[in-house]
Participant: 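Below you will find the structure I want to go over with you.
First the proteins, then the strands, lettered A, B, ... as listed; each starts at 1.
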Amino acid sequence: MRSLFFIIIKCASSKSELETATTMMKRTDFVLHAFIKRRGNFFTNSFLLHSENPYSSFQLGLRFGPRKASIHSNVSSNRSVFEKITNMNDALNLFDEMLQRRPLPSVVKFNQLLTVVTKLKHFSCSLDLFKQMCSIGVPVDSCSMNIAINCCCQLSRTSDSFVVLGFCFRRAIAPDVCTFNTILNGLVLEDRIVEAEKLFKKLIKQKLCEPDVVMYSTMIKGLCKLGNNVTAVALLRLMEQKNCKPDIVTYSTIIDSLCKDKLIDDAFNLFKEMVFDKGAVPDVITYNSIICGLCKLGRRDEASKMLKEMEDANISPNVQTYSILVDAFCKEGKVEEAEAVINIMVKRGKVPDIVTYSSLIDGYCLRGEMINAKSTFDSLTLRGLVPNVVTYNSLLNGYCKNLNMEKAMTMFHEMSRKGLKPNVVTYNTMLQGFFRVGWCGAARKLFDEMHAQGQMPNECTFGIILEGLCNNHQVEEALSLFKLMSDSKLNSDIFVYTILIDGAGKSGKVDIARNLFHDLSDKGLQPNVRTYSVMISGFCRGGLLGDAKLLFLKMDESGCPPNNVTYCVLLQGYIKNEHYDDVETLLQEMDGKGYSLDASTVSMLLDQIAAKSLDRSMLTLIGKLVPEELIDDPSLFRLGDKLK
DNA sequence: CTAGGGTTAG
């Protein structure tokens with residue numbers, strides 16, 4: 001019998017055998033840690049001591065003051081004492097008391113406390129307590145180990161799991177299926193899905209444990225994260241074949257992934273299979289995934305129907321369910337409706353959380369209602385809610401979009417003062433704001449700061465910088481930055497190309513734009529509607545209407561038909577270059593396709609009619625192409641008036 | 001008795 005436990009215990013006495021065992025797990029860092037440990041100092045050295053965590057201290061008593069008698073009297077009575085703990089002070093006081101009891105409480109009691117601390121998301125602290133339990137002589141078991149390993153994983157330090165594992169091997173604690181599930185989940189959380197897959201296969205091949213429904217579900221989650229729904233479903237079928245019954249979590253994982261990929265019909269099919277064939281009852285999480293999927297597809301009516309369906313099935317919506325709807329309304333600009341949803345949820349006894357309000361704040365920001373956004377933000381404290389990075393980012397985005405960089409900077413500094421670390425989204429938002437108001441120097445300084453703070457720029461960051469440079473008459477700079485990045489994936493990103501083609505075109509460098517456009521096919525990149533529109537706009541601006549028309553015609557051939565924007569761009573090109581004869585044909589084409597004009601194109605057309613460059617008879621056609629929301633537009637109304 | 005997998009915001 002080659003059980004992993006047996007091998008590891010054997011290994012502890014010889015380096016080469018330990019290496020054999022660990023190579024089996026392909027974790028060389030594990031070997032390293034295990035041997036540091038044997039020199040007696042690995043534990044303090046390699047365990048996580050996160051300085052930002054106020055609870056991560058050995059001198060807990062000193063820091064948190066006198067103990068509470070109510071907890072002290074109750075340690076061994078029943079589990080209700082653990083249920084009562086809602087904050088870290090109580091948890092740590094209880095831990096201190098437990099340590100002083102003689103005999104020591106059982107490991108189960110300690111595990112219950114670790115569970116509470118972990119549920120409070122104080123992972124470093126939980127690890128710290130585990131560490132103390134070990135050094136004080138509590139006979140930790142596999143359950144304690146699994147909690148500790150889970151804490152490593154939740155801190156995105158899955159590799160440290162192997163440190164804990166190594167430490168526990170020495171105490172004759174063997175990993176079980178739960179341990180492996182936790183580690184696999186950690187790898188999936190860190191997007192190390194290929195490693196997870198290798199470990200999964202190894203566990204099965206070497207019969208180190210029998211995979212259960214949790215393990216399959218974890219692997220399915222990994223496959224979904226890779227965007228591989230097909231393989232995820234294949235694994236679902238495989239587990240059925242192996243007599244492992246998929247449950248509500250397994251199904252919900254795939255259903256959620258399908259929803260996120262907008263494959264709502266496939267999601268519903270799986271949903272039906274789950275309910276009718278497998279008799280599994282969907283729960284609030286399953287419904288939340290579907291409701292969210294429908295909202296993201298703009299099918300909010302159906303989402304509301306699902307909400308009713310779940311209520312009829314006696315599955316009560318939770319805070320998340322309502323938050324999803326709040327967010328959907330806000331994204332449509334319907335903040336009043338979002339507020340109505342919040343009122344309903346409050347009536348039903350659900351307390352809106354920071355996610356709910358962050359969505360609402362974002363909704364106000366999108367509408368440019370910064371006073372409402374800020375007052376909602378300020379009201380959070382009264383509600384006992386603490387704004388987080390996402391909340392701040394929404395507000396910053398609002399100020400930046402409204403070109404109020406002073407306020408944005410104030411809030412940016414406030415978030416740092418409150419101990420929140422700006423992340424890549426924060427920096428991207430601020431950078432974009434600075435470029436918009438033309439503060440290129442400030443942008444540059446912030447980019448340096450971002451680097452100094454250890455925040456890695458992403459594709460979005462570079463897109464923002466290139467666009468910012470282009471819009472601030474620094475196309476040459478953008479181009480040379482682009483060339484500098486020729487090895488990165490940003491150089492093979494169609495969005496970035498589109499930005500540069502647009503920038504080059506707008507600054508009159510049509511040839512550069514054209515060359516960039518031609519580069520696309522060499523790189524195997526497919527231009528999208530935006531890319532074509534931007535190139536056509538560049539041609540028009542340079543007076544190259546022939547090229548513009550040719551490219552416009554090429555779009556259909558390339559399977560990328562022109563949209564509203566493309567038509568408007570070409571129309572404006574015709575007008576600016578006084579090619580009035582082509583205007584009517586284009587308008588008729590638009591009418592045939594059910595397209596509509598945008599505000600600036602309508603006003604240009606009306607101007608030309610007023611100037612008699614275009615015939616009045618075209619007004620009927622134009623009228624048909626003006627979208628409803630523009631009919632009452634005051635600026636157009638005045639223009640239309642002029643014609644009478 | 002205690003441990004592992006699925007849902008929401010930028």
Participant: Looking for any heavy atom pair under 4.0 Å, which part of the strands does Lys260(A) touch: base, sugar-phosphate only, or nothing?
Facilitator: sugar-phosphate
Participant: Measure the distance from CE on Met145(A) to C1' on dT2(B) and round it to the nearest whole Å.
Facilitator: 14 Å
Participant: Measure OH/Tyr357(A) against P/dA9(B) and give the value in whole Å, please.
Facilitator: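 Taking OH of Tyr357(A) and P of dA9(B), I get 18 Å after rounding.
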Participant: Tell me which nucleotide among dG10(B), dG6(B), dT8(B) gets nearest to the side chain of Cys292(A).
Facilitator: dT8(B)
Participant: Go through the steps for Glu97(A) and Lys109(A) under the test salt bridge (Lys or Arg N to Asp or Glu O under 4.0 Å), then give the verdict.
Facilitator: CA-CA 12 Å; Glu97(A) 286 154 27; Lys109(A) 294 269 176 253; over 6 Å; no
Participant: Do the side chains of Pro246(A) and Leu236(A) get nearer than 4.5 Å, heavy atoms only?
Facilitator: yes
Participant: Looking across every strand, which nucleic acid part, if any, lies under 4.0 Å from Val213(A) by heavy atom: base, sugar-phosphate, or nothing?
Facilitator: base
Participant: Between dT7(B) and Gln320(A), counting only base atoms on the nucleotide and side-chain atoms on the residue, is there a donor-acceptor pair under 3.5 Å?
Facilitator: yes
Participant: Reckon Val177(A) touches a base, only the sugar-phosphate, or nothing at all at heavy-atom distances under 4.0 Å?
Facilitator: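 Since a base atom lies under 4.0 Å of Val177(A), the category is base.
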Participant: Counting only side-chain heavy atoms from C-beta out, which of dA9(B), dG10(B), dA3(B) sits nearest to Asn423(A)?
Facilitator: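 Nucleotide nearest to Asn423(A)'s side chain: dG10(B).
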Participant: What does Ser323(A) touch in the nucleic acid at a heavy-atom separation under 4.0 angstrom: a base, only the sugar-phosphate, or nothing?
Facilitator: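 Answer is base: heavy atoms of Ser323(A) come under 4.0 Å of a base.
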Participant: Given dG10(B), dG6(B), dA3(B), which nucleotide is nearest the side-chain atoms of Thr115(A)?
Facilitator: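 Side chain of Thr115(A) sits closest to dA3(B).
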Participant: Return the value, rounded to whole Å, for the distance between atom CE of Met430(A) and atom P of dG10(B).
Facilitator: 19 Å
Participant: Any side-chain donor paired with an acceptor under 3.5 Å for Lys401(A) and Asn397(A)?
Facilitator: yes
Participant: Kindly say if Asn150(A) contacts the phosphate of dA3(B), meaning a side-chain N or O under 4.0 Å from OP1 or OP2.
Facilitator: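 No, because none of the side-chain N or O atoms of Asn150(A) sits under 4.0 Å from OP1 or OP2 of dA3(B).
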Participant: Can you tell me whether the side chain of Thr182(A) and the base of dG5(B) have a donor-acceptor pair closer than 3.5 Å?
Facilitator: no
Participant: Name the closest nucleotide to the Asp176(A) side chain, picking from dA3(B), dG6(B), dT8(B).
Facilitator: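 Nearest listed nucleotide: dA3(B).
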Participant: Is it the case that dG6(B) (base atoms only) and Asp283(A) (side chain only) share a donor and an acceptor within less than 3.5 Å, ignoring hydrogens and angles?
Facilitator: yes
Participant: Tell whether Ser217(A) reaches the base of dG5(B) with its side chain through a donor-acceptor pair below 3.5 angstrom.
Facilitator: yes
Participant: What about Asp247(A), does its side chain sit under 3.5 Å from the base of dG6(B) through a donor-acceptor pair?
Facilitator: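 In this structure, the two groups form no donor-acceptor pair.
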Participant: Looking at the side chain of Ser142(A), which of dT8(B), dG10(B), dA3(B) is the nearest nucleotide?
Facilitator: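 Closest of the options to the side chain of Ser142(A): dA3(B).
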Participant: Rounded to the nearest Å, what distance is computed from the NZ atom of residue Lys296(A) to the C1' atom of nucleotide dA9(B)?
Facilitator: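 These atoms are roughly 9 Å apart.
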Participant: From the list dT8(B), dG10(B), dA9(B), which nucleotide is the closest neighbour of the side chain of Asn393(A)?
Facilitator: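 Given the options dT8(B), dG10(B), dA9(B), the side chain of Asn393(A) is closest to dG10(B).
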Participant: Between dA3(B), dG10(B), dG6(B), which nucleotide gets closest to the side-chain atoms of Val425(A)?
Facilitator: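 Closest nucleotide to the Val425(A) side chain: dG10(B).
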Participant: Which of the following nucleotides, dG10(B), dG5(B), dT7(B), is nearest to the side chain of Gln154(A)?
Facilitator: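 Closest nucleotide to the Gln154(A) side chain: dG5(B).
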Participant: So, Tyr364(A) versus Tyr357(A), ring centres under 6.0 angstrom or not?
Facilitator: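 No; Tyr357(A) has its ring centre 6.0 Å or more from that of Tyr364(A).
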Participant: Ignoring backbone atoms, establish whether Lys331(A) has a side-chain N or O less than 4.0 Å from OP1 or OP2 of dA9(B).
Facilitator: no
Participant: Locate the shortest heavy-atom distance separating Ser217(A) from Asp247(A); write the atom from each residue and the value.
Facilitator: OG-OD1, 4.4 Å
Participant: Would you say the side chains of Asn229(A) and Ser257(A) form a donor-acceptor pair under 3.5 Å?
Facilitator: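 The criterion, which ignores hydrogens and geometry beyond distance, is satisfied for Ser257(A) and Asn229(A).
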Participant: For Val389(A), answer base if it contacts any base atom (sugar-phosphate contacts may also be present), sugar-phosphate if it contacts only those atoms, and nothing otherwise; contact means non-hydrogen atoms under 4.0 Å.
Facilitator: base
Participant: What is the distance from NZ of Lys350(A) to P of dT8(B), rounded to the nearest Å?
Facilitator: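 Those two atoms, NZ and P, are 19 Å apart.
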Participant: Whole-Å distance between dG6(B) P and Ile291(A) CD1?
Facilitator: 19 Å
Participant: Does NZ belonging to Lys278(A) count more than 12 external heavy atoms closer than 6.0 Å?
Facilitator: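 Result for NZ/Lys278(A): enclosed.
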Participant: Indicate, with a heavy-atom threshold strictly under 4.0 Å, whether Thr321(A) touches base, sugar-phosphate, or nothing.
Facilitator: nothing
Participant: Under 4.0 Å between any heavy atoms, over every strand shown, what does Thr286(A) touch: base, sugar-phosphate, or nothing? Just pick one.
Facilitator: base
Participant: Using a cut-off of strictly less than 4.0 Å, decide whether Lys401(A) has a side-chain nitrogen or oxygen near OP1 or OP2 of dG10(B).
Facilitator: no
Participant: Could you state the CZ-P distance from Phe82(A) to dA3(B), rounded to the nearest angstrom?
Facilitator: 11 Å
Participant: Rounded to whole Å, how long is the line connecting atom CG of Asp256(A) with atom P of dG6(B)?
Facilitator: 10 Å
Participant: When all nucleic acid strands are considered with a 4.0 Å heavy-atom cut-off, which category describes Ile248(A): base, sugar-phosphate, or nothing?
Facilitator: base
Participant: Would you indicate which nucleotide in dT2(B), dA3(B), dT8(B) comes nearest to any side-chain atom of Asp353(A)?
Facilitator: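 Of dT2(B), dA3(B), dT8(B), dT8(B) is nearest to the side chain of Asp353(A).
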Participant: I'd like to know if Asp378(A) and Lys374(A) make a salt bridge, using a cut-off of under 4.0 Å between side-chain N and carboxylate O.
Facilitator: yes
Participant: With hydrogens left out and only the distance checked, is there a donor-acceptor pair under 3.5 Å joining Ser394(A)'s side chain and the base of dG10(B)?
Facilitator: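 Side chain to base: no pair present.
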Participant: With respect to the side chain of Val108(A), which nucleotide from dG5(B), dA3(B), dC1(B) is positioned closest?
Facilitator: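 My answer, after comparing the listed nucleotides, is dC1(B).
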Participant: Considering just the side-chain nitrogens and oxygens of Lys221(A), establish if one lies under 4.0 Å of OP1 or OP2 belonging to dT7(B).
Facilitator: yes
